[in-house]
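Written out below as structure tokens is the structure these notes cover.
Keep in mind the model is a prediction, meaning the values are calculated, not measured. Letters go in sequence order (proteins before strands), and every chain restarts at 1.
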2 protein chains.
Amino acid sequence: MRNTAQRDTVLKVVEASCDHPSAETIYTRCREIMPEISLGTVYRNLKVLVELGKIREVSILNAGDRYDKTVGLHAHFRCKRCGCVLDVPANDLETLEKGVESKTGFQIDGTEVLFVGVCDKCRAI
Amino acid sequence: MRNTAQRDTVLKVVEASCDHPSAETIYTRCREIMPEISLGTVYRNLKVLVELGKIREVSILNAGDRYDKTVGLHAHFRCKRCGCVLDVPANDLETLEKGVESKTGFQIDGTEVLFVGVCDKCRAI
DNA sequence: TGATTTAATAGTAATAGTTACTAATAGCGA
DNA sequence: TCGCTATTAGTAACTATTACTATTAAATCA
């Protein structure tokens with residue numbers, strides 16, 4: 001594992017993003033800082049950073065993966081109209097996890113919660 | 001909207017499956033019953049059946065979409081070791097949804113909950 | 001019943017997102 | 001500074017899915 005300027009750039013870009021960007025979006029933002037960075041490098045480093053636990057991968061139904069600077073347990077909401085992806089603080093998720101663990105006997109290492117619907121801004125229109 | 005033998009076959013195959021199959025797997029199973037069915041037809045009918053609310057689409061982090069005959073609100077668990085996808089009855093999901101709706105003002109139309117970990121069979125090994 | 005209409009089909013091409021490959025580059029320890 | 005090797009840029013390949021097109025067949029109607 002080596003410290004490269006490319007890896008730092010990918011991490012900085014994700015940490016500066018509040019919109020749960022896709023790999024392609026992260027690539028575009030990286031190129032603004034480091035124009036020679038390649039898409040493959042972005043994908044590889046995203047994977048490395050997820051493995052290191054520095055960022056988190058978020059799966060959105062019917063779309064490519066997104067990335068999140070917040071690694072702690074929380075839920076996501078995707079608006080069907082505007083496509084925005086927002087964090088949803090849900091402090092009862094840990095209780096939910098624990099309940100499933102004790103009921104099923106499974107070992108749970110990660111939980112993905114995605115609500116799909118219409119956000120308040122779009123509802124107001 | 002026409003009633004075709006192909007659509008019936010796709011629906012029957014999903015309803016007969018307990019393993020949350022992928023589109024490709026559904027295609028293979030359909031061909032055992034109807035050898036001339038094409039992959040595009042399977043994809044198109046899966047989409048139609050999801051829109052009709054007869055089956056459900058399940059997103060698994062880091063893999064293609066899966067399909068589920070059970071449309072009611074429930075969670076899923078994916079084992080990192082054997083790759084199996086199982087239903088997790090979670091009756092507190094509705095409470096979770098309602099809580100988020102009232103806290104955020106969002107309209108929630110669907111909720112996806114995925115636990116990732118190690119299933120009891122794999123833990124025993 | 002048979003003709004007509006048009007949604008759905010099979011088969012194939014195209015696309016999007018992601019991963020693999022390869023020669024060149026650049027961190028980092030000796 | 002040298003040498004080793006992980007990482008890189010650039011490109012090719014791959015996987016999952018969608019789009020396209022000529023053909024077929026389900027439902028409607030004469």
Next on the checklist: Is it the case that the side chain of A:Arg123 and the backbone of B:Gly105 share a donor-acceptor pair, with hydrogens and angles ignored and the cut-off at 3.5 Å?
Outcome noted: yes
Item to check | Check: B:Thr4 side chain, B:Arg7 main-chain N or O, donor-acceptor pair, under 3.5 Å | outcome: yes
Checklist entry - Using a cut-off of 4.0 Å on non-hydrogen atoms, how would the nucleic acid contact of A:Arg44 be classed: base, sugar-phosphate, or nothing? => result base
Checklist entry - For the pair made of CD in B:Glu57 and P in D:dA16, what is the distance, rounded to whole Å? => result 15 Å
Checklist entry - Expressed in angstrom and rounded to an integer, what is the separation of A:Met1 atom CE from D:dC4 atom P? => result 23 Å
Item to check | Donor-acceptor contact below 3.5 Å, side chain B:Arg66 vs main chain B:His20 | outcome: yes
Checklist entry - Looking at D:dG10, C:dT18, C:dA10, which one has an atom nearest to any side-chain atom of A:Leu39? => result C:dT18
Checklist entry - If only atom types and distance count, is the side chain of B:Glu101 paired as donor or acceptor with the main-chain N or O of B:Ile108 below 3.5 Å? => result yes
Checklist entry - Can you tell me how far P of C:dA26 sits from CG of A:Asp8, to the nearest Å? => result 16 Å
Next on the checklist: Can you identify which nucleotide, out of C:dA8, C:dT9, D:dA9, has its nearest atom closest to the A:Thr41 side chain?
Outcome noted: D:dA9
Checklist entry - A:Ile37 CD1 to C:dA26 P: how many Å, rounded? => result 14 Å
Next on the checklist: At less than 4.0 Å, is any side-chain N or O atom of B:Asn3 found next to OP1 or OP2 of C:dA7? Yes or no.
Outcome noted: no
Next on the checklist: What is the distance, to the nearest angstrom, from the CZ atom on B:Arg7 to the C1' atom on D:dA26?
Outcome noted: 11 Å
Next on the checklist: Using only atom types and a distance under 3.5 Å, with no angle test, would you say the side chain of A:Thr41 pairs donor to acceptor with the backbone of A:Ile37?
Outcome noted: no
Next on the checklist: From the set C:dT9, D:dA25, D:dT8, return the single nucleotide nearest to any side-chain atom of A:Thr4.
Outcome noted: D:dT8
Checklist outcome for this item: B:Tyr27 OH to D:dT18 P, in whole Å, measures 16 Å
Item to check | A:Arg2 CZ - D:dA6 C1' separation (whole Å) | outcome: 4 Å
Checklist entry - Are B:Gln6 and D:dA25 close enough that a side-chain N or O sits under 4.0 Å from OP1 or OP2? => result no
Next on the checklist: Over all strands shown, is A:Glu36 touching base, sugar-phosphate only, or nothing at heavy-atom distances under 4.0 angstrom?
Outcome noted: sugar-phosphate
Next on the checklist: From CG of A:Leu46 over to C1' of C:dG17, roughly how many Å is that when rounded to an integer?
Outcome noted: 13 Å
Checklist entry - Is there a donor-acceptor pair closer than 3.5 Å between any side-chain N or O of A:Arg56 and the backbone N or O of A:Gly72? => result yes
Checklist entry - Is the shortest side-chain N/O distance from B:Tyr43 to OP1 or OP2 of D:dT17 below 4.0 Å? => result yes
Next on the checklist: Does a side-chain N or O of B:Lys47 approach OP1 or OP2 of D:dT18 to a distance below 4.0 Å, or not?
Outcome noted: yes
Checklist entry - Sub-3.5 Å donor-acceptor pair from the side chain of A:Arg78 to the main-chain atoms of A:Leu61, do we have one? => result yes
Item to check | A:Asp65 side-chain proximity, nearest of D:dA9, C:dT18, C:dT9 | outcome: C:dT18
Checklist entry - Can we call the ring centroids of A:Phe77 and B:Phe106 under 6.0 Å apart? => result yes
Checklist entry - With respect to the side chain of B:Ser38, which nucleotide from C:dG11, C:dA26, C:dT6 is positioned closest? => result C:dG11
Item to check | the helix from C:dT1-D:dA30 to C:dA30-D:dT1: angle between end helix axes, five pairs per end, rounded to 10 degrees | outcome: 30°
